[in-house]
Amino acid sequence: MTELFDYLRLGVNIDHVATIRNARGGYHPDPLRAAHVASKAGADGITAHLREDRRHMTDIDISRLIADIDLSLNLEMAATDEMLQIALKHCPHAACIVPEKREERTTEGGLDATGGYDQLAPIVAALVEKGIRVSLFIEADGRQLDAAKSLGAPVIELHTGAYCDKFGAERDDELQRIREAATYAAEIGLECHAGHGLGFDTVAPIAEIPQVVELNIGHFLVGEAIFGGLESSIKRMRSLMDNARADISDRRSA
Ligand code: PXP
């Protein structure tokens, strides 16, 4: 039987608190305050993506988060020398390497860990050597998982964007790909995370995948906060995740 990790961690991505702040400049709303609210609401970690163009998070935001939050920080970063130096300077708990294009609205697909092997290898090695938990944000594809494993990354995060964007049978197919990739990740000894695009309607089937131990969720939570507040949106997500996890435990012990 597949090993079941009962508790599913929630990393709250606060990039879009900074997006709203940056629309006007100034200091409001403050991502650090959002991180404190996330902690109170039951988040297990904070995720922040420092992009090359600094369109949401800034260098000062990262310094303030490192200095002030009581949760671990997962720094999302492109595989560039600039970002490597920043990660090594701050030494966050975790770094998630993502593909990045200036012209994209969001991280559109997974990293090409096979084609980008030579570029990624020294960056993964330097982060691992510094004691930073490295994950690679990849598509649910066996070749990408194999490449992540041979690069020495202990963690992969599966891109759930296509699953969230599709409907009906196409969404089911994406879910099945994610399930199979999560199973394979566990078989080859990779810790499996997932994220991108998840909302209240899409989170449960992903939370029910027993090998997935962490979800990173941002845009939907910040958007939903407009209607009911950030604490409430995170608490509801947390409880949907916990319920999905409890359901699989119940099914297993029945
Ligand atoms: N995981 C990774 C690696 C991401 O790049 C992002 C988006 O920054 C997320 C999770 C969160 O995605 P969303 O904001 O759509 O919930």
Side-chain angles (χ1 to χ4, degrees), residues 8-20 22 31 34-35 38 43-57 61-62 65 72-80 83 87 92-102 104-113 120 124 127 132-140 144 148 153 155-166 174 178 181-182 185 190-204 206-207 212-226 230 233-234 236-238 240-241:
L8 178 60
R9 297 192 301 265
L10 171 61
V12 172
N13 181 315
I14 55 171
D15 291 349
H16 296 301
V17 176
T19 304
I20 299 170
N22 296 353
D44 301 286
I46 297 299
T47 294
H49 184 176
L50 186 67
R51 279 183 171 265
E52 179 233 340
D53 61 9
R54 309 304 197 262
R55 69 175 70 160
H56 35 59
M57 286 291 155
D61 289 328
I62 300 300
L65 289 168
S72 52
L73 180 70
N74 174 32
L75 177 69
E76 287 180 7
M77 54 178 272
T80 62
M83 288 302 146
H93 166 73
C96 179
I97 304 182
V98 300
E100 197 177 295
K101 285 192 247 116
R102 212 169 235 255
E104 71 191 352
R105 276 206 208 144
T106 181
T107 314
E108 277 164 3
L111 202 60
D112 183 4
L120 288 166
V124 172
L127 293 167
I132 300 170
R133 188 199 70 188
V134 178
S135 69
L136 302 186
F137 190 42
I138 56 173
E139 298 292 331
Q144 297 298 337
V155 180
I156 48 103
E157 179 167 331
L158 297 175
H159 198 307
T160 53
Y163 154 77
C164 293
D165 287 345
K166 291 183 176 162
E174 292 295 337
I178 293 168
L190 291 169
E191 182 173 311
C192 185
H193 301 179
H196 207 279
L198 293 169
F200 294 153
D201 294 344
T202 47
V203 74
I206 300 295
V212 174
V213 299
E214 180 176 310
L215 299 183
N216 285 297
I217 308 180
H219 181 266
F220 179 87
L221 292 172
V222 174
E224 195 60 20
I226 291 169
L230 186 60
S233 74
I234 295 171
R236 172 133 188 250
M237 188 61 83
R238 176 75 268 165
L240 290 167
M241 289 165 54

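Counting starts at 1 for both ligands and their atoms, in listed order. The figures here come from the full heavy-atom set of this structure, side chains too, leaving out hydrogens, waters and symmetry mates. Position 1 is the first residue of the sequence; numbering continues from there. Note that the coordinates shown come from a computational prediction; the quantities given were computed from them, not determined experimentally.
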Here the pair of heavy atoms bringing Ala87 nearest to Ile132 is O-CD1, 3.7 Å

Using a strict threshold of under 4.0 Å (side-chain N to carboxylate O), is an ion pair present between Arg133 and Glu214? yes

Using a 4.5 Å cut-off on heavy atoms from C-beta on, say whether the side chain of Asn74 contacts that of Asn216. yes

Salt bridge Asp61-Arg54, side-chain N to carboxylate O under 4.0 Å: no

Could you check whether Asp53 pairs with Arg51 (Lys NZ or Arg NE/NH1/NH2 to Asp/Glu carboxylate O, under 4.0 Å)? no

Consider every N or O of Asn13 and every N or O of ligand 1, then say whether any pair is closer than 3.5 Å. yes

Going by the atom numbers of ligand 1, which of them fall below 4.0 Å from some non-hydrogen atom of Ile217? 16 (O)

Checking heavy-atom distances from atom 5 (O) of ligand 1 to each of Met77, Glu76, His193, the winner is Glu76

State the atoms of ligand 1, each with its element, that fall below the 4.0 Å cut-off from a heavy-atom position in Gly197. 12 (O), 13 (P), 15 (O), 16 (O)

The answer for which part of Val98 has a heavy atom under 4.0 Å from ligand 1 is side chain

With under 30° as parallel and over 60° as perpendicular, where do the rings of Phe220 and Phe200 fit, or are they tilted in between? perpendicular

Can an N or O of Cys96 be found at a distance shorter than 3.5 Å from an N or O of ligand 1? no

Answer side chain, backbone, both or neither: which part of Glu157 comes under 4.0 Å from ligand 1, heavy atoms only. side chain

Heteroatom distance test (His219, ligand 1): nitrogen or oxygen, under 3.5 angstrom: yes

